[in-house]
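Each ligand, and each atom within it, is numbered from 1 in the order the structure gives. Computed over heavy atoms, backbone and side chain alike; hydrogens, waters and symmetry mates excluded.
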Amino acid sequence: MTFTNIEVTHAAGVSTITLNRPKQLNALDAATISELSTALTGISSDTGVRAIILTGSGERAFAAGADIGELRELQSATAAREMALRSQGLGRLMSELHQPIIAAINGYALGGGLELALACDIRIAADTAQLGLPEVTLGILPGWGGTQRLARLIGPGMAKLMMMTGERIKANEALRLGLVERVVPAAELAQAAQQLAQQIAALPPLSIAAIKQAVNQGLNMSLDQGNAFEAGLFGELAMTADAKEGTTAFLDKRAAVWQGK
Ligand code: CO8
């Protein structure tokens, strides 16, 4: 499948999706959101893909936000709400996808760009990256799941501080806050993301998918409900061929050979 605003490549069980509007700092217009949904839907049924990397083209930006030109043209509250719901739908798709998604944040991740990274499972940032939710400075709010995901990730107080000031923070501050999980020198970002993706891709995919599901769905449950959900997933996983193989390989002191079953 060919795309205009994104590039998709596959290698060694890892798909890399690159946002590709570098002149607009990879701003996320409606066409890009639609292409991302199409690409991820295709990948979701590809059992050969074990992990996904999402990054931005060029050296300046992961994504500088929703396309402000499109936002200015919105004519009604209904149209704006529908636009937010469409973007949030992409976030839901990412969250429900069984493969893990790693955001490789190669520069600015602002507004919808950061919200897209927040919908990923793990975030690795270049040491030159800057992150923020500047929507307040445009008279709007982070409407792409940002008010919800940022507060869950770094806590409501810090999330409100970032959203109510719109200030950008640097990668190392984002690491300190738990907004990104790793920071690496910019020149090493692509390799670090690839290395992590391959490390995860080499592990049993049903376990990886269940971990993602348990965490993502459990965040919306009480502790007791979450634990019950976790136990159910554990029950299913324990009966898989890979669980038999993993436990047997350990006891036989040999490397496991995973089947994804
Ligand atoms: N949308 C459209 N175009 C953009 C965007 C954007 N978000 N960001 C940058 N661009 C364009 C600029 O207009 C410029 O275009 P041109 O060369 O034609 O003039 C080009 O990219 C380069 O940008 P700058 O010249 O501004 O580059 P600087 O290095 O001077 O500044 C910044 C870089 C700081 C990143 C600056 O471009 C900036 O502040 N960008 C906007 C950041 C922002 O406010 N993002 C939030 C957008 S709103 C949002 O994301 C809402 C999400 C929730 C909505 C839910 C429904 C979709």
### Carboxylate-amine/guanidinium proximity below 4.0 Å for Arg254 and Glu245
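Result for this pair is yes, salt bridge flagged.
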### Query
Between Arg21 and Asp29, is the closest basic N to carboxylate O distance under 4.0 Å?
yes
#### Entry: With Ile52, the side chain to side chain contact (heavy atoms under 4.5 Å, CB included) member among Thr16, Ile102, Leu97
Leu97
### Query
Heavy atoms, side chains only, cut-off 4.5 Å: are Leu19 and Leu116 in contact?
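Yes, side chains in contact.
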Report all N/O contacts between ligand 1 and the protein shorter than 3.5 Å as a table of atom names and distances to 0.1 Å; if there are none, say 'none'.
unit_1   : atom_1 : unit_2 : atom_2 : d
ligand 1 : 1 (N)  : Ala66  : O      : 3.4
ligand 1 : 1 (N)  : Ile68  : N      : 3.0
ligand 1 : 7 (N)  : Ala64  : O      : 3.1
ligand 1 : 7 (N)  : Ala66  : O      : 2.9
ligand 1 : 21 (O) : Lys23  : O      : 3.4
ligand 1 : 27 (O) : Arg60  : NH2    : 3.4
ligand 1 : 29 (O) : Arg60  : NH2    : 2.3
ligand 1 : 45 (N) : Ala64  : O      : 2.9
ligand 1 : 50 (O) : Ala66  : N      : 2.7
ligand 1 : 50 (O) : Gly112 : N      : 2.7

#### Entry: Lys212 atom NZ, neighbour heavy-atom count above 12 within 6.0 Å
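Counting other residues, nucleotides and ligands, NZ of Lys212 exceeds 12 neighbours.
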### Query
For Leu233, which fellow cluster members are found when Ile, Leu, Val, Met, Phe, Trp and Tyr are connected by side-chain heavy-atom distances below 4.5 angstrom, either directly or through intermediates?
Met221, Phe229
